[in-house]
Amino acid sequence: MFAITATEKDSQYMQIALEEATRAFAKEEVPVGAVLVQGERILARAHNLRETRGDATAHAEILAIREACKQVGGWRLEDSTLYVTLEPCPMCAGAILQARVERLVYGADDPKAGVVKSLYSMLEDERFNHRVQVTGGVLEQECSAILKDFFHRRRQKGPGEQK
């Protein structure tokens, strides 16, 4: 399923996801952004808010899926594409499956927690009743750079200066 080639539209929507990641960065949140699209319509945009909300589930993908479900009036997000700047974790990949998202486009791999390609191919597992088309590496350098910058700055702060 990784054979799906990125399009110019994918880059445009990923740029919007990067804008969301920048919003997270400004709030001292891990800079991950997501955009959920159905057809040409953006249903939701979101960024990480775990620290702000004190909520372990407030990942960009989860927040975007929740908002998109409100927009469509149900839990099925068929014929939709989720754009996210970082390869999803197990929780987010599970939510993508449960919401019946058709396609995932992500930017940077996450070798420590990503379960789309890095640690596991959860979205392609035939044991689940839904599979997701995946395109990885879209604007990978930009998506990776904002994360590296964030963690570099965080390491430079003293222990008492971090959230």
Quiz item: For Arg41, what residues pass the side chain to side chain contact (heavy atoms under 4.5 Å, CB included) criterion, not counting sequence neighbours?
Solution: Leu43, Gln71
Quiz item: Does any N or O in the side chain of Arg53 come within less than 3.5 Å of the main-chain N or O of Glu51, such that one atom is a donor and the other an acceptor?
Solution: no
Quiz item: At their closest point, which heavy atom of Ala46 faces which heavy atom of Leu63, and how far apart are they?
Solution: CB-CB, 3.7 Å
Self-check item: Atom pair CZ/CE of Arg131 and Met122 - distance to nearest 0.5 Å
Solution: 13.0 Å
Exercise. Output the distance between atom CG (Leu82) and atom CD (Glu61), rounded to the nearest 0.5 Å.
Key: 6.5 Å
Quiz item: To the nearest 0.5 Å, how far apart are OG1 in Thr81 and CG in Leu77?
Solution: 11.0 Å
Quiz item: How close do Ile65 and Ala99 get, heavy atom to heavy atom, and via which atoms?
Solution: CG2-CB, 4.0 Å
Quiz item: For Lys9, which residues count as a side chain to side chain contact (heavy atoms under 4.5 Å, CB included) partner, sequence neighbours excluded?
Solution: Thr7, Gln12, Tyr13, Glu40
Self-check item: All pairs passing ring-ring contact (aromatic ring centres under 6.0 Å, His included) where residues 125-146 contributes a residue, at least two apart
Solution: none
Exercise. Any pair with a residue in residues 20-44 that passes ring-ring contact (aromatic ring centres under 6.0 Å, His included), sequence neighbours left out, goes on the list, sorted by first then second residue, please.
Key: Phe25-Phe150
Under 3.5 Å, which donor-acceptor pairs do the side chains of residues 139-146 form with other protein atoms, sequence neighbours left out?
none

Quiz prompt | ILVMFWY network linking Val105 to Ile96, side-chain heavy atoms under 4.5 angstrom | solution = yes
Quiz prompt | Under the side chain to side chain contact (heavy atoms under 4.5 Å, CB included) test, residues paired with Arg23 that sit two or more places apart | solution = Glu19, Glu20, Arg45, His47
Quiz item: Between the side chain of Asn48 and the main-chain N/O of Arg50, is any donor-acceptor distance below 3.5 Å?
Solution: no
Self-check item: Closest contact, heavy atoms only, Ala64 versus Ala44
Solution: O-CB, 3.3 Å
For residues 86-95, please give each side-chain donor-acceptor pair under 3.5 Å, one per line with the distance, not counting sequence neighbours.
| residue | atom | partner | partner atom | Å |
| --- | --- | --- | --- | --- |
| Glu87 | OE1 | Asp110 | N | 2.8 |
| Glu87 | OE1 | Ser118 | OG | 2.6 |
| Glu87 | OE2 | Val116 | N | 3.0 |
| Glu87 | OE2 | Lys117 | N | 2.6 |
| Glu87 | OE2 | Ser118 | N | 2.8 |

Practice problem: Please report the closest heavy-atom contact between Val30 and Ala24, naming both atoms and the distance. | Solution: O-CB, 3.7 Å
Quiz item: What about Val32 and Ile16, same hydrophobic cluster or not, with Ile/Leu/Val/Met/Phe/Trp/Tyr joined at side-chain heavy-atom distances under 4.5 Å?
Solution: yes
Quiz item: When Tyr83 is tested against each of Leu18, Val37, Ile42 for side-chain contact (heavy atoms from CB on, under 4.5 Å), which residue passes?
Solution: Val37
Quiz item: Which pairs pass ring-ring contact (aromatic ring centres under 6.0 Å, His included) with one or both residues in residues 49-76, sequence neighbours excluded?
Solution: none
Practice problem: Would you check if Glu67 and Leu36 make a side-chain contact, meaning some heavy-atom pair closer than 4.5 Å? | Solution: no
Quiz item: CG/Asp109 to CG/Leu119 distance, rounded to the nearest 0.5 angstrom?
Solution: 10.5 Å
Exercise. State, with a plain yes or no, whether a side-chain heavy atom of Pro31 is found less than 4.5 Å away from one of Thr22.
Key: no
Quiz prompt | Contacts of type salt bridge (Lys or Arg N to Asp or Glu O under 4.0 Å), residue Asp55, not counting sequence neighbours | solution = none
Quiz item: Taking side chain as C-beta onward, heavy atoms only, is Thr135 less than 4.5 Å from Met14?
Solution: no
Practice problem: Answer yes if Leu49 and Val35 sit in the same cluster of Ile, Leu, Val, Met, Phe, Trp and Tyr residues linked by side chain heavy atoms under 4.5 Å apart, and no otherwise. | Solution: no
Self-check item: From CZ (Arg76) to CD (Gln98), nearest 0.5 Å
Solution: 11.0 Å
Exercise. With sequence neighbours excluded, tell me which residues meet side chain to side chain contact (heavy atoms under 4.5 Å, CB included) with Asp79.
Key: Glu102
Quiz item: Is there a path of hydrophobic side-chain contacts, each under 4.5 Å between heavy atoms of I, L, V, M, F, W or Y residues, that connects Val132 with Val72?
Solution: yes
